[in-house]
Amino acid sequence: MQVKKTGLLTKIVVLALLIYMATALLNLRGQLQDYRAEEAALAAQVAQAQQENAALTEVLQNKDDPDVLEQVARDKGFVYAHEKVFVDPTN
């Protein structure tokens, strides 16, 4: 069986296709790395949101606890009737 020799035009077309496929592959690889970095950032945001949700759920479950009520009141700036509040004017 005899093998037909390919022409110069066929070799050029095959070479062009190989170059195109290589550049497309490198482009896709870069996009994949970008998406993986974005995925990691979003996973960190999800973990932080889950921690905040857990803390809020704990506060809701212990809403009648006097320590929790006092902490919430302190966070909002409330004080007891007998306490004196001193304001620092340098802030």
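The stretch residues 30-45 participates, sequence neighbours left out, in no side-chain hydrogen bond (donor to acceptor under 3.5 Å, both in side chains) pair at all. Sorted by first then second residue, the ring-ring contact (aromatic ring centres under 6.0 Å, His included) pairs that include residues 43-80, not counting sequence neighbours, are Tyr80-His82.
Checking Asp75 against Gln71 by side-chain atom types alone, a donor-acceptor pair falls below 3.5 Å.
Atoms CG and OG1, on Leu18 and Thr23 in that order, are 10.5 Å from each other to the nearest 0.5 Å. Between the CG atom in Asn62 and the OG1 atom in Thr57 there is a gap of 11.0 Å [rounded to 0.5 Å]. Ile12 contributes atom CD1, which lies 12.0 Å from atom CG of Leu17 (distance to the nearest 0.5 angstrom). With rounding to the nearest 0.5 angstrom, the CE atom of Met21 is 12.0 Å from the CG atom of Leu26.
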* To do: For the pair Lys63 and Leu69, evaluate side chain to side chain contact (heavy atoms under 4.5 Å, CB included) and give the outcome as yes or no after the intermediate values.
  => CA-CA 7 Å; Lys63 65 182 177 183; Leu69 290 175; 5.8 Å; no

